[in-house]
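Just so you know, these numbers use all the heavy atoms, side chains as well, and skip hydrogens, waters and symmetry mates. Just so you know, these numbers come straight off a predicted model, no measurement behind them.
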Amino acid sequence: MAQKLQALQYVRPDFDALRLEYIAAVQKFKKAESVNIAQMTVQNLDNLNDSLISTYEILQTLATQNPTDEVYQAEIAIWRLNMPLLKDLAYRFANSLVKSKFRNQLEIALPLTKFKLAENQLKTYSNDIDDLLLQEQAIINEYQSILSTATINIGGHIISLATALQKPTMYTTEEQLLITDTTKTFLTANQATLITLFEQLAQNRNQQARILNYDTYSELSMASHNHFDYSFTEVLSLCDTILATTPVSLEPISHPLVDDSKLTATDISSALKNLLESLSPATARFYDYLIEHDSLTFTNNAHCKIPSLSTFVISKQLPELTINLDCLPDQSDFLLNQIGQAFQAFSIRGLKSGNLIFSFHDTQAVLAKGFEFLCWPWLHLLVGNEAANLRTLMLERNLTVLNYHAKQIKFATQLYQPTVANFNDLNILWSKQTNQPDDLPTWLLDADLICQPDNALDKLLSIIIGMQFWQPNAEQGNPDIINKYIQFAKNSSQDSLLNLLQLCEIESPFASATLPSLLNTINDYVQHLVANSVEQK
């Protein structure tokens, strides 16, 4: 029986002992006299990796459930400081795997993903950058500590200033003024420190790129994020296409409201079951799997965060999932996104045999976003009469985010030049791109931009591809597109993004006709909504 979240135990691994055990296993792999011994050693290394990842996922889950507990935050900081050690271990195995005398036989016995990841590891890591990685993490830790205080209370909900600045159309005139005033106050107090930290970070990352023979950190960042199928030039060209294409305007929108008194835990659980059963037998089995392991518990706790459901499936612990009713229905897309990530983990571990091989970041994002759009015809099963409004809201959100991430990626290329960019120029450029005040360096509040600059690319691609799961599926369920999604989920641990799209007959985001075709479909759908008198304010 799976553990409940309250009983979940976290024990920090002995990193020194882990290092010795890992090195011994790599040496055994290198000295293996048969392919069977080599494959068994790979299995042992996989078990070590699985255990390590599961332990960290448990820690992340507990930290999410207890955001004010400094013990968990301190533990996460210890893991981050050991990241160079973990990268060094992965590098040792990658080097041995790529050069193995049994490589031809192992490529048949093992997923090709392992070899792609190994080859990429050799291109994007060296022992020569260990000290720089430690320094980088210390800078990021200090930056995130300051940024954690950049919050605002809007309508009783505490959100980050960065989130509020990204979605100005979601707020009233009074709320927008509050956001601007709060941002000015925060930056007045912290701007000098944030700028100093960013300068240190940019210099550090540029040095990493030079050591690893990349022209810019942006190129190193994309390569290390497992983007094998497309070049940095193609990414920038896609961003230009997005920004040059007039977005469909869906405003004004009637934002859905939720009446908690009408929602019960039983109603939501039943609604989720009906939604998954409508999609396919595979997703119905997924629901049964979660119920069997007592991993779904809906409560009416006020304003708690939603922990990652995929974490529970991956870690094999499957503690209970607590979902705040306040998140439904106007954040149903967030719930569906969580389920999409979890279904991928289930499809790898539950629908196939063999070890869990983590897929590339971009395929994880696409699977989650695809699930949001795939559920389109059955949203009424989850949110009832609010489905029509929610569909419109989800389109508006995704188009807004699509443009925002394109601007993020274009802007990030200016951050990592041979010399640190002029801050006045950056402020002007950012304000022109995002319609934010030109006298405020609000880009310093964007944690993704500063800490994980490759995340924007994953999210951008996921929206364009996710919409293709929706395109032929907007009004009624299409078995063909559902089967393509299931095929994508089953194979997403074994191949790279563009190969998966080809397998599922999904158009590449980099194809010139893809985005215009999607926007035309959205235009047609909006006209359909208007023709059917969907309420808009």
Measure the [atom1]-[atom2] distance between [X] and [Y] for me, rounded to the nearest 0.5 Å.
{"X": "Ile242", "Y": "Leu519", "atom1": "CD1", "atom2": "CG", "answer": "9.5 Å"}
{"X": "Ile482", "Y": "Ser280", "atom1": "CD1", "atom2": "OG", "answer": "6.5 Å"}
{"X": "Glu175", "Y": "Thr173", "atom1": "CD", "atom2": "OG1", "answer": "9.5 Å"}
{"X": "Arg205", "Y": "Tyr416", "atom1": "CZ", "atom2": "OH", "answer": "4.0 Å"}
{"X": "His380", "Y": "Leu382", "atom1": "NE2", "atom2": "CG", "answer": "10.5 Å"}
{"X": "Leu147", "Y": "Ser160", "atom1": "CG", "atom2": "OG", "answer": "7.5 Å"}

Is any side-chain heavy atom of [X] less than 4.5 Å from a side-chain heavy atom of [Y]?
{"X": "Val366", "Y": "Ile506", "value": "no"}
{"X": "Asn398", "Y": "Phe373", "value": "yes"}
{"X": "Asp362", "Y": "Leu457", "value": "no"}
{"X": "Asp448", "Y": "Pro453", "value": "no"}
{"X": "Phe232", "Y": "Leu220", "value": "no"}
{"X": "Leu379", "Y": "Leu336", "value": "yes"}
{"X": "Ser462", "Y": "Leu367", "value": "no"}
{"X": "Asp229", "Y": "Phe510", "value": "no"}

Distance flag, aromatic centroids of Tyr485 and Trp470, threshold under 6.0 Å:
no
Between [Y] and [X], do the side chains contain a donor N or O and an acceptor N or O under 3.5 Å apart?
{"X": "His227", "Y": "Asp458", "answer": "yes"}
{"X": "Asn337", "Y": "Gln341", "answer": "yes"}
{"X": "Glu507", "Y": "Thr514", "answer": "no"}
{"X": "Tyr525", "Y": "Asn520", "answer": "no"}
{"X": "Asn455", "Y": "His361", "answer": "no"}

Is the number of heavy atoms from other residues, nucleotides or ligands within 6.0 Å of CD (Gln144) greater than 12?
yes
Locate the shortest heavy-atom distance separating Thr151 from Thr182; write the atom from each residue and the value.
O-CG2, 3.9 Å
Tell me the closest heavy-atom pair linking Pro441 and Leu187, and the distance in Å.
CD-CD1, 4.0 Å
Taken in chain and number order and not counting sequence neighbours, the residues that satisfy ring-ring contact (aromatic ring centres under 6.0 Å, His included) with Phe488 are none
By side-chain hydrogen bond (donor to acceptor under 3.5 Å, both in side chains) - contacts of Ser218 (at least two apart):
none
Among Ile465, Ile463, Ile464, which residue satisfies the side-chain contact (heavy atoms from CB on, under 4.5 Å) criterion with Met467?
Ile463
What residues form a side-chain contact (heavy atoms from CB on, under 4.5 Å) with Ile139, not counting sequence neighbours?
Leu197, Gln200, Leu201
